S.K.: 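Okay, handing you the structure first.
It should be emphasised that the depicted structure is a prediction, and the values quoted were computed from it without experimental measurement.
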Amino acid sequence: MITLSFLSLFMIASCIQAEMAPSYPEPGTVWKAGKEYTISWYDDEMNPHMKKNWKNFKIDFMTGDNHNQKFIRNVVKGLDASKTNEYKWLAPEVDPHSAIYFLMFTNDKGMNAWTTRFGITGEDGKLDPPQHDTQPNGDSIPWGIGKLRVTQLSTKPNQTYSMSPAMSSAMVNNAAIVIATSNASSVITPLFTLTTLIAMMLAICCL
């Protein structure tokens, strides 16, 4: 399937040199947003072995063409290939739903490896065609630029508050507190008169 083909030979060669061989997503992979999938990789047996060079690496969710790759978001950091060969991830909501996404693995030595491009759909399971049929250099590898789909945050209606008897009592007590100053011989008189306090309480209750 053309829209889910491998990245360019440049990227494949980089994978070989890196000893890291991402194995899933694989060619033809289509994910549905909101579902969990397992990203996996293996040692391609090149020296030095993956478990030595990839003890601290990250995975990024990417889009764009082969030579102008666009970062969308980080998937995970601090993975150790000597301890695991997979990572579970929830497929994000994206725009557009198309086979224009891929994962880039990067270790602490700056070495990279890539998955093939794969698709992410919405609930309807449909994929839009990639925006471009060929790479900027002419290679027949479809690509496009995607992004995360921002969902509108739900807003709560303004809440109203009422004063409980306990709050009312505490307010009366606080109003009668005498506050000491730096001059031991003087004090500040109560901040509110009872009449003022009652008026404030009534105003708050009527909001």
S.K.: What's the shortest heavy-atom distance between Pro22 and Thr115, and which atoms?
M.R.: CB-CG2, 3.8 Å

S.K.: Test of understanding: with side chain to side chain contact (heavy atoms under 4.5 Å, CB included), list the residues that count as partners of Ser23, not counting sequence neighbours.
M.R.: Ser40, Tyr42

S.K.: Tell me, do Leu148 and Arg73 make a side-chain contact under 4.5 Å, heavy atoms counted?
M.R.: yes

S.K.: Among residues at least two apart in sequence or on other chains, which ones pass ring-ring contact (aromatic ring centres under 6.0 Å, His included) with Tyr37?
M.R.: Trp31

S.K.: Between Gln135 (side chain only) and Ile141 (backbone N and O only), is there a donor and an acceptor less than 3.5 Å apart?
M.R.: yes

S.K.: If only side-chain N and O atoms count, and only distance matters, is there a donor-acceptor pair under 3.5 Å linking Trp41 with Glu86?
M.R.: no

S.K.: For the side chain of Thr29 and the backbone of Glu26, is there at least one donor-acceptor N/O pair under 3.5 Å apart?
M.R.: yes

S.K.: Of all residues at least two apart in sequence or in a different chain, which pass the side chain to side chain contact (heavy atoms under 4.5 Å, CB included) check with Lys88?
M.R.: Glu36, Thr38

S.K.: Nearest 0.5 Å please: distance from the CG atom of Asp139 over to the OG1 atom of Thr134.
M.R.: 8.5 Å

S.K.: As an exercise, state the distance from CH2 of Trp143 to CG of Asp133, rounded to the nearest 0.5 Å.
M.R.: 11.0 Å

S.K.: To check you understand the geometry: which heavy-atom pair defines the closest contact between Arg117 and Gly64, and what is its length?
M.R.: NH2-O, 2.9 Å

S.K.: To the closest 0.5 Å, what do you measure between OH (Tyr24) and OG1 (Thr116)?
M.R.: 9.5 Å

S.K.: Say you draw a straight line from NZ of Lys109 to CG of Asn53; how long is it, rounded to the nearest 0.5 Å?
M.R.: 4.5 Å

S.K.: Measuring from Met20:CE to Asn85:CG, what's the distance to the nearest 0.5 Å?
M.R.: 9.5 Å

S.K.: Please name the pair of heavy atoms, one in Gly144 and one in Ile100, separated by the smallest distance, quoted to 0.1 Å.
M.R.: N-CG2, 3.4 Å

S.K.: For the residue pair Met111 and Trp54, establish whether any side-chain heavy-atom pair is separated by less than 4.5 Å.
M.R.: yes

S.K.: Output all residues satisfying side-chain hydrogen bond (donor to acceptor under 3.5 Å, both in side chains) with Thr63, sequence neighbours left out; order by chain, then residue number.
M.R.: none

S.K.: Should Tyr87 and Leu79 count as side-chain neighbours, where that means a heavy-atom distance under 4.5 Å?
M.R.: yes

S.K.: For the atom pair CE (Met62) and CE (Met104), what is the distance rounded to the nearest 0.5 Å?
M.R.: 4.0 Å

S.K.: Report the residues that fulfil side-chain hydrogen bond (donor to acceptor under 3.5 Å, both in side chains) with Ser82, sequence neighbours left out, ordered by chain and then residue number.
M.R.: Asp80

S.K.: Which heavy atom of Ala81 sits nearest a heavy atom of Lys51, and at what distance?
M.R.: O-CG, 3.8 Å

S.K.: What is the minimum heavy-atom distance between Asn107 and Phe57, and which atoms define it?
M.R.: CA-CB, 3.6 Å

S.K.: What class does the angle between the rings of Phe118 and Phe61 fall in, given that below 30° is parallel, 30 to 60° is tilted and above 60° is perpendicular?
M.R.: tilted

S.K.: Under 3.5 Å, side-chain donor or acceptor atoms of residues 119-132 against the rest of the protein: list the pairs with distances, not counting sequence neighbours.
M.R.:
unit_1: Asp124; atom_1: OD1; unit_2: Lys126; atom_2: N; d: 3.0
unit_1: Gln131; atom_1: OE1; unit_2: Ile145; atom_2: N; d: 2.6
unit_1: Gln131; atom_1: NE2; unit_2: Ile145; atom_2: O; d: 3.2

S.K.: Which atoms form the tightest heavy-atom contact between Tyr101 and Lys147, and what is the distance?
M.R.: OH-N, 4.0 Å

S.K.: I want to check something: taking the side chain as every heavy atom from C-beta on, are Arg149 and Val94 in contact at a cut-off of under 4.5 Å?
M.R.: no

S.K.: In chain order, what residues pass the salt bridge (Lys or Arg N to Asp or Glu O under 4.0 Å) check against Asp108, with sequence neighbours excluded?
M.R.: none

S.K.: Does anything in residues 54-70 form a salt bridge (Lys or Arg N to Asp or Glu O under 4.0 Å)? List the pairs, not counting sequence neighbours.
M.R.: Lys58-Asp60

